[in-house]
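Scroll down for the structure; my scribbles are underneath it.
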2 protein chains.
Amino acid sequence: MQKQTKKQESTGKGARWRWRGRLWLEGPEGTFLGYGRVVLLERIREYGSLASAARSMEMSYKHAWDLLASMTRQAGCPLVVTVRGGKGGGGATLTPAGEKAIGLFWKYHDRFQRELTWMSAELQKLFCGEEKPKAKRGTS
Amino acid sequence: MQKQTKKQESTGKGARWRWRGRLWLEGPEGTFLGYGRVVLLERIREYGSLASAARSMEMSYKHAWDLLASMTRQAGCPLVVTVRGGKGGGGATLTPAGEKAIGLFWKYHDRFQRELTWMSAELQKLFCGEEKPKAKRGTS
DNA sequence: GATCGTTATGTTTTTGATAATATAACGACC
DNA sequence: GGTCGTTATATTATCAAAAACATAACGATC
């Protein structure tokens, strides 16, 4: 039985809150690096091709290609070098700039997630409960 | 003088980056407090009615009502007290819990925005440029 | 009791983002 | 030179979220 003190929780919902958030790096064209884009880059590194990277994320090839184009356009230098035709039909591999983009994003992403965790830990009493201890100070 | 050094900018794109993000408080049902929801609460306080609050944000009344219902459901206590019929047709005013929700959100939102500003300030050299300063401490 | 702007709640329409589909070109390799 | 899986690009279809629309009920005030 989840008896517990049942003092705060008994407001009907047993509400437990946490802060969540999204973080992205924005450039002149809009989003430049975000979670999905960076995972895509990582998958390209893992699979060596844009097509299978997209498949692995259940993302359409076109969408992946568009994201990559957007990143390349904004970065000013390619994050991925692509080859078409030839052995295996072609492929894609990360450039050093691409590697650096991944590292940069995760660095800040992790910092942000940590911050969210701290923030959530601060959420104890929420507004519903009577926040006036009143402490029997006579002012009834 | 908006001349500035124009040294970094000359990489072709004039790329200037900044971190952006979104923050919301999540409860058992999903989003509980987010930017739009809190602004809605503030507008209700300002206008004294849900209908005109929605209008002021160019939001449909139904959408506003749904958001409010979601918040109330999750909070466990009403953030807004509504009156229908009567003088002026009715209205809506914030409860203390509603006020507190607004304050809570902005507190964390502001902290988050400050964090984003700091993070953005750290973004000087991005990956494209040669990241080797090679001595040369004073940027002329 | 007629009026008014509101709350309350459905139902339908729009629309924007994503997925699906189609097709061409590529080039090493057999 | 035919094959293969890829890059590259355009067009169409799907779907879910938001808007738009519709309607009923409410109750102080006149």
Side-chain angles (χ1 to χ4, degrees), chain A residues 20 22 24 26 29-41 43-75 77-95 98, chain B residues 20 22 24 26 29-32 34-75 77-95 98:
Chain A
R20 302 206 62 184
R22 277 212 161 293
W24 66 92
E26 194 159 294
E29 182 185 312
T31 299
F32 170 50
L33 286 182
Y35 184 89
R37 291 169 184 237
V38 169
V39 170
L40 177 64
L41 290 178
R43 295 295 174 93
I44 290 173
R45 172 172 57 191
E46 183 175 358
Y47 293 103
S49 97
L50 181 51
S52 45
R55 271 197 302 271
S56 82
M57 307 175 62
E58 293 175 12
M59 174 186 291
S60 74
Y61 174 85
K62 178 170 180 18
H63 191 202
W65 192 90
D66 284 343
L67 290 178
L68 192 54
S70 164
M71 286 189 266
T72 302
R73 231 178 300 131
Q74 294 187 76
C77 64
L79 306 184
V80 166
V81 53
T82 60
V83 173
R84 68 176 180 174
K87 172 177 171 185
T93 51
L94 290 189
T95 64
Chain B
R20 303 207 63 184
R22 278 212 161 295
W24 66 92
E26 195 160 294
E29 182 185 313
T31 298
F32 169 52
Y35 184 89
R37 290 168 184 236
V38 170
V39 169
L40 177 64
L41 289 178
E42 289 187 323
R43 297 294 174 93
I44 290 174
R45 172 171 58 190
E46 183 177 359
Y47 293 103
S49 97
L50 181 51
S52 45
R55 272 197 302 272
S56 81
M57 307 177 60
E58 294 174 11
M59 176 187 288
S60 74
Y61 173 84
K62 178 165 183 12
H63 190 200
W65 192 89
D66 285 342
L67 290 179
L68 193 54
S70 165
M71 286 188 268
T72 302
R73 230 177 301 131
Q74 293 186 77
C77 64
L79 305 185
V80 166
V81 52
T82 61
V83 173
R84 68 175 179 175
K87 171 177 172 185
T93 51
L94 290 189
T95 64

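Letters A, B, ... are given to chains in the order of the sequence lines, protein chains preceding strands, and every chain is numbered from 1.
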Legend entry - Between OG1 on residue A:Thr93 and CG on residue A:Leu79, distance to nearest 0.5 Å: 12.0 Å
Inset, instruction - Please tell me if the side chains of B:Met71 and B:Phe32 come closer than 4.5 Å, counting only heavy atoms from C-beta onward. - result: yes
Legend entry - A:Arg55 side-chain N/O to D:dG5 phosphate OP1/OP2 under 4.0 Å: no
Sub-3.5 Å pairs of nitrogen or oxygen atoms, protein against nucleotides 23-27 of chain D:
| residue | atom | partner | partner atom | Å |
| --- | --- | --- | --- | --- |
| D:dC26 | O2 | B:Gly85 | N | 3.0 |
| D:dG27 | O4' | B:Gly86 | N | 3.2 |
| D:dG27 | N3 | B:Gly86 | N | 3.0 |

Inset, instruction - Starting at atom CG of B:Asp66, determine the distance to atom C1' of C:dT7, rounded to an integer number of angstrom. - result: 13 Å
Inset, instruction - Mind checking the CG-CG spacing from A:Leu67 to A:Leu33? Nearest 0.5 Å is all I need. - result: 11.0 Å
Legend entry - Distance in angstrom units between B:Leu68 CG and C:dT9 P, rounded: 12 Å
Inset, instruction - Using the test side-chain hydrogen bond (donor to acceptor under 3.5 Å, both in side chains), find all partners of A:Ser56 that sit at least two apart in sequence or belong to another chain. - result: A:Arg43
Inset, instruction - Examine distances only and state if a side-chain atom of B:Thr72 and a backbone atom of B:Leu68 form a donor-acceptor pair shorter than 3.5 Å. - result: yes
Legend entry - Heavy-atom side-chain contact between A:Leu94 and A:Val81 under 4.5 Å: no
Legend entry - Partners passing side-chain hydrogen bond (donor to acceptor under 3.5 Å, both in side chains) against B:Trp65 (at least two apart in sequence or in another chain): none
Legend entry - Distance in angstrom units between A:Arg73 CZ and D:dT9 P, rounded: 11 Å
Inset, instruction - Tell me, with the steps shown, if A:Arg20 and B:Thr31 meet side-chain hydrogen bond (donor to acceptor under 3.5 Å, both in side chains). - result: CA-CA 9 Å; A:Arg20 302 206 62 184; B:Thr31 298; over 6 Å; no
Legend entry - Backbone N/O of B:Ala92 and side chain of B:Thr82: donor-acceptor pair under 3.5 Å: no
Legend entry - For B:Arg84, side-chain hydrogen bond (donor to acceptor under 3.5 Å, both in side chains) partners two or more places apart: none
Inset, instruction - Pull out every residue in residues 44-54 of chain A that has a heavy atom closer than 4.0 Å to any atom of DNA chain D, ordered by number, or say none. - result: A:Ser49, A:Leu50, A:Ala51
For nucleotides 16-22 of chain D, give me every protein contact, N/O to N/O, under 3.5 Å, one pair per line with atom names.
| residue | atom | partner | partner atom | Å |
| --- | --- | --- | --- | --- |
| D:dA19 | OP2 | B:His63 | ND1 | 3.0 |

